[in-house]
2 protein chains.
Amino acid sequence: MSDKVLDLLHKAELRITKSRREVLETLVQSGDQAISSNDIEHLVRGIDRITLYRILKTFEESGLIHSVADGTGKTKYALCSHECNGGEHHDDHLHFYCRICETTTCLEKVQLPPVRLPSDYLVEEKRFVIAGVCKDCH
Amino acid sequence: MSDKVLDLLHKAELRITKSRREVLETLVQSGDQAISSNDIEHLVRGIDRITLYRILKTFEESGLIHSVADGTGKTKYALCSHECNGGEHHDDHLHFYCRICETTTCLEKVQLPPVRLPSDYLVEEKRFVIAGVCKDCH
DNA sequence: CACAAAGATGCAACATTGTTGCAAAAATAA
DNA sequence: TTATTTTTGCAACAATGTTGCATCTTTGTG
């Protein structure tokens, strides 16, 4: 169990519990790769499904993690990068869904293209998913 | 029942049935606005839920409609624009989700920004959703 | 038009994802 | 250690989506 996990929970002002530590540890291990609630349920043995949903919701509201709707119908979750801890989010990065290995990856290094909407739209969040075949699968 | 519906079904080489006509008519009426399976179920009275799922799947595979994962957890569907009938899709347009009126709109007029992925990624589809407040709600 | 073949529908049953209420347990503050 | 607050775990439920199978409809052909 890394210090990073305790640190993150502390900074998010969340109580430290066994389940939270394990779920967050799993998400840290997962790195760039976004994983589903179901994945976590299998990785964290013995965790209660309902508790897990609540933990994920709490983490997301605290800005520790973000969710991705990658088009598979299953919500995926991934750690937010360091820049988005502390209040404001900067989750506006690309996600890549590979139809071969069925993984969803955060591509934080790829620069997000600017989008020009008519000025009467208020833009709050960009959710960009690119689907195709990832570098390891072709 | 507009001719457009029969025309679309014909071009897609799909058998013409009451349910398909009604579902497609509903999607035509809905225009730019993407609607959920549940919405359609209420708009097309008496339609069987399972049949509806199958019709939507068929329409999507035929390129008549496209689906949008807007982050609400409910898949939304909308007619494809004229350009994407006939084999190849050009569904790479933006979608806007308004958190006030909770509608999802296809913004086909907004030009999609080019995205530069590392060359070892094969890009097949772009699923871009912008969330915020739409022009009618602020 | 009638008939046969192919395809679509409707129903039951089931799987998965996600939510709510509530009592018991655990974490923090005093 | 005790009191307060929060979190957990369970039951029950709701929504979305899928599969198998018998029945009905559509469509092509004589």
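All chains are named by letter (A, B, ...) in the order of the sequence lines, taking the proteins before the strands, and each is independently numbered beginning at 1. What you see is a predicted model, and the numbers here were worked out from it, not measured in a lab.
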Whole-Å distance separating the [atom1] atom of [X] from the [atom2] atom of [N]:
{"X": "Ile50(B)", "N": "dT23(D)", "atom1": "CD1", "atom2": "C1'", "value": "15 Å"}
{"X": "Glu13(A)", "N": "dA27(C)", "atom1": "CD", "atom2": "C1'", "value": "16 Å"}
{"X": "Tyr53(A)", "N": "dT7(D)", "atom1": "OH", "atom2": "C1'", "value": "18 Å"}
{"X": "Leu9(A)", "N": "dT6(D)", "atom1": "CG", "atom2": "C1'", "value": "14 Å"}
{"X": "Glu41(B)", "N": "dG17(D)", "atom1": "CD", "atom2": "P", "value": "11 Å"}
{"X": "Glu61(A)", "N": "dT19(C)", "atom1": "CD", "atom2": "C1'", "value": "14 Å"}
{"X": "Leu52(B)", "N": "dG17(D)", "atom1": "CG", "atom2": "P", "value": "10 Å"}
{"X": "Lys74(B)", "N": "dA15(D)", "atom1": "NZ", "atom2": "C1'", "value": "8 Å"}

Does [X] reach a base, just sugar-phosphate, or nothing at all? Heavy atoms under 4.0 Å.
{"X": "Arg20(A)", "result": "sugar-phosphate"}
{"X": "Thr17(A)", "result": "sugar-phosphate"}
{"X": "Thr58(A)", "result": "nothing"}
{"X": "Ser36(B)", "result": "nothing"}

What nucleotide among [options] has an atom nearest to a side-chain atom of [X]?
{"X": "Ile55(B)", "options": "dT9(C), dG9(D), dA12(C)", "value": "dT9(C)"}
{"X": "Arg15(B)", "options": "dT8(D), dA26(C), dT27(D)", "value": "dT27(D)"}
{"X": "Ile16(A)", "options": "dT17(C), dT9(C), dT28(C)", "value": "dT28(C)"}
{"X": "Asp48(B)", "options": "dG10(C), dG17(D), dT16(D)", "value": "dG10(C)"}

Consider only side-chain N and O atoms of [X] and [Y], and report whether a donor and an acceptor are under 3.5 Å apart.
{"X": "Ser36(B)", "Y": "Asn38(B)", "answer": "no"}
{"X": "Gln33(A)", "Y": "Thr103(A)", "answer": "no"}
{"X": "Ser81(A)", "Y": "Glu108(A)", "answer": "yes"}

Residue whose nearest DNA chain D nucleotide is more 5′ - Ser37(B) or Gly46(A)
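Comparing both residues, the 5'-ward one is Gly46(A).
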
Can Glu25(B) and Arg21(B) be said to form a salt bridge (Lys or Arg N to Asp or Glu O under 4.0 Å), step by step?
CA-CA 6 Å; Glu25(B) 178 67 27; Arg21(B) 274 192 286 113; over 6 Å; no

Leu94(B) pairs by side-chain contact (heavy atoms from CB on, under 4.5 Å) with which of Thr105(B), Val110(B), Val129(B)?
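Output: one option passes, namely Val110(B).
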
Phosphate OP1/OP2 of dT25(D) contacted by Lys18(B) side-chain N/O (<4.0 Å)
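False: Lys18(B) side-chain N/O out of range (4.0 Å or more) of dT25(D) OP1/OP2.
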
Base of dG10(C), side chain of Arg54(B) - is there a donor-acceptor contact under 3.5 Å?
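A donor-acceptor contact between them is present.
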
Distance criterion of 3.5 Å, no angle test: do you see the side chain of Arg49(A) paired donor-to-acceptor with the base of dG18(C)?
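Donor-acceptor pair under 3.5 Å: yes.
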
In this structure, which one of Glu60(B), His95(B), Glu125(B) forms a side chain to side chain donor-acceptor pair (under 3.5 Å) with His66(B)?
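Among Glu60(B), His95(B), Glu125(B), the one that satisfies the side chain to side chain donor-acceptor pair (under 3.5 Å) with His66(B) is His95(B).
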
Which residue, Asn38(A) or Lys57(A), contacts DNA chain C at a nucleotide closer to its 5' end, judged by nearest heavy atom?
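In this pair, the answer is Asn38(A).
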
